[in-house]
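Note that these values count all heavy atoms, side chains included, but never hydrogens, waters or copies made by symmetry. Residues: numbered from 1 along the sequence shown. Both counts, for ligands and for their atoms, begin at 1 and track the order of listing.
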Amino acid sequence: MADRTGTRYLVTGGAGFIGSYLVNALLARGETVVALDNLQTGRLTNLEEASESPHFHFVHGSVLDELVVDELVHQCDVVVHMAAAVGVRLVVEQPLKSLTTNIRGSQVVVEAAHRYRRKILMTSTSEIYGKNSLGPLPETADRILGDPSIVRWAYSTAKAVDEILAGCYHRERGLPTIVVRLFNTVGARQSPAYGMVIPRLVQQALRDEPLTVYGDGRQTRCFAHVLDVVEALLRLLDDDAAIGQTFNIGSSEEISIARLAEAIIARCESKSRIELIPYDEAYGAGFEDMQRRVPDTAKLRTLTGWQPRYTLADVLADAITEARREAAPRPDLVSS
Ligand code: UDP
């Protein structure tokens, strides 16, 4: 086990893209961190920096493993539950496995938190808002529920169950819970493998391949820098007034996917062109997208004073630098 200093955090999904940034930030401020991850989408390379700390410990395991979760929750002071099947491509390709992780896994973690009375931050998603394309969306915005036989809306429903679970444990059992809805988040180390649009389009642009823009490209998103998202998470974890509440975390800088693709081509000085791909071809028959997704983050700002420090231009610059670095051969892996 890790040497103990500061508060002891358990981060489920700690080898994931956002989880690993949170792990690093917690270690940097002197906390002890245990990361639990099944490495389905998380990567050990995300934890290279953390692994150098004597206050960090990695456990390769699943949130579905009740004994492991019980022991780890018992040993920690605060739980951050980030383990989830995420990425539209992943949840569309593996619906049942995704649902099990996202519903049963969360239940195992919350039940353990309740057993030992540990504060728990539950990560949810902007997918919660479903087909509500009004914007900006405050936390009180209506969920416009899609047909649950469409896998995307099944994912949204599963994460809603997680939120309800956390809410019930707070209201009925007094468990200190915080729910955060993460909007699109980008940064170095984000894999293009699970559908996230920026790493995918950047990889295509750097290879001079066509940029695959789904639908007509007029759908919009706001992309937050992962370091801004982690700063918001830390502020909420530190603030007792956040307990029992739900917060949006995300950027408010809105861009259409077609414009995003053009910006990426220009910044990469790529010879790529844009290829519009019908949703059915991209994700299978009956897929439905969110046309617009913009968070209202006033609640987070009012409580914690949080402001994003990075612009979309910064986000793109980082994603491109990282993709170039990943594409280059690593000197330590080149055989002599
Ligand atoms: N998208 C796209 N091309 C891709 C991957 C995604 O046009 O290669 C679109 C996707 O249909 C959505 C937006 O980009 O409208 C953001 O997709 P992502 O999967 O990153 O996140 P989402 O907001 O859908 O969860």
Side-chain angles (χ1 to χ4, degrees), residues 16-18 41 84-95 98 102 123-133 135-137 143-144 146 150-160 181-187 189-207 209-226 229 248-265 268 270 272-295 312 315-316 319 323:
F17 162 57
I18 304 175
T41 54
V86 292
V88 175
R89 183 155 302 280
L90 182 77
V91 299
V92 166
E93 284 173 3
Q94 301 182 5
S98 302
N102 292 343
T123 48
S124 181
T125 166
S126 54
E127 288 278 326
I128 283 290
Y129 296 105
K131 293 202 269 189
N132 189 338
S133 286
L137 296 159
R143 301 179 55 219
I144 300 188
I150 294 175
V151 172
R152 178 194 200 119
W153 306 130
Y155 168 74
S156 160
T157 303
K159 293 304 292 182
R181 295 180 181 154
L182 303 182
F183 283 64
N184 298 67
T185 302
V186 186
R189 304 203 297 261
Q190 186 175 34
S191 167
Y194 311 106
M196 279 69 168
V197 68
I198 289 188
R200 273 175 64 80
L201 298 188
V202 167
Q203 189 180 61
Q204 292 162 347
L206 292 178
R207 293 175 177 171
E209 294 168 1
L211 266 61
T212 54
V213 169
Y214 301 159
D216 61 10
R218 285 163 59 189
Q219 70 274 30
T220 67
R221 294 292 187 273
C222 302
F223 297 95
H225 196 290
V226 65
V229 171
N248 287 335
I249 302 180
S251 155
S252 305
E253 212 180 328
E254 186 176 10
I255 188 168
S256 74
I257 301 303
R259 287 255 335 276
L260 178 74
E262 286 163 13
I264 289 173
I265 289 175
C268 293
S270 166
S272 296
R273 59 186 176 78
I274 291 173
E275 188 179 330
L276 294 182
I277 300 189
Y279 284 118
D280 284 5
E281 237 173 78
Y283 290 122
F287 181 83
E288 291 180 333
D289 204 358
M290 283 179 87
Q291 282 312 304
R292 186 172 185 218
R293 190 195 276 160
V294 184
L312 178 60
V315 166
L316 288 181

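Ligand 1 places these atoms under 4.0 Å from at least one heavy atom of Val213: 7 (O). Residue contact check: Tyr279 has heavy atoms under 4.0 Å from atoms 11 (O) of ligand 1. Less than 4.0 angstrom separates some heavy atom of Val88 from each of these atoms of ligand 1: 24 (O), 25 (O). Residue-ligand proximity, Glu127 to ligand 1, at heavy-atom distances under 4.0 Å covers atoms 25 (O). Of all atoms in ligand 1, listed by their number and element, those nearer than 4.0 Å to a heavy atom of Arg200 are 4 (C), 5 (C), 8 (O). The contact set between ligand 1 and Gly195, taken as ligand atoms under 4.0 Å from a residue heavy atom, comprises 5 (C), 6 (C), 19 (O), 20 (O). Close contacts of ligand 1 with Asn184, meaning ligand atoms under 4.0 Å from a residue heavy atom, involve 21 (O), 22 (P), 23 (O). Atom numbering of ligand 1 starts at 1 in the shown order; those under 4.0 Å from a heavy atom of Arg152 are 24 (O).
For the ligand labelled ligand 1, residue Tyr194 lies outside the 4.0 Å heavy-atom shell.
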(message) With side-chain hydrogen bond (donor to acceptor under 3.5 Å, both in side chains) as the criterion, how do Arg152 and Tyr283 come out once you've worked through the C-alpha distance, each side chain's angles and the decisive distance to 0.1 Å?
(response) CA-CA 10 Å; Arg152 178 194 200 119; Tyr283 290 122; over 6 Å; no

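With respect to atom 25 (O) of ligand 1, the closest heavy atom belonging to the protein is Arg293 NH1, 3.4 Å. Among protein heavy atoms, atom 11 (O) of ligand 1 sits closest to Asp289 OD2, 3.3 Å.
Put simply, the side chain of Glu254 never gets that close to the backbone of Thr220: no donor and acceptor are under 3.5 Å apart. Side-chain atoms of Asn248 come within 3.5 Å of backbone N or O of Leu137 as a donor-acceptor pair.
Considering backbone and side-chain atoms together, Thr212 places an N or O closer than 3.5 Å to an N or O of ligand 1. For ligand 1, the polar-atom distance check against Gln204 finds no nitrogen or oxygen pair separated by under 3.5 Å.
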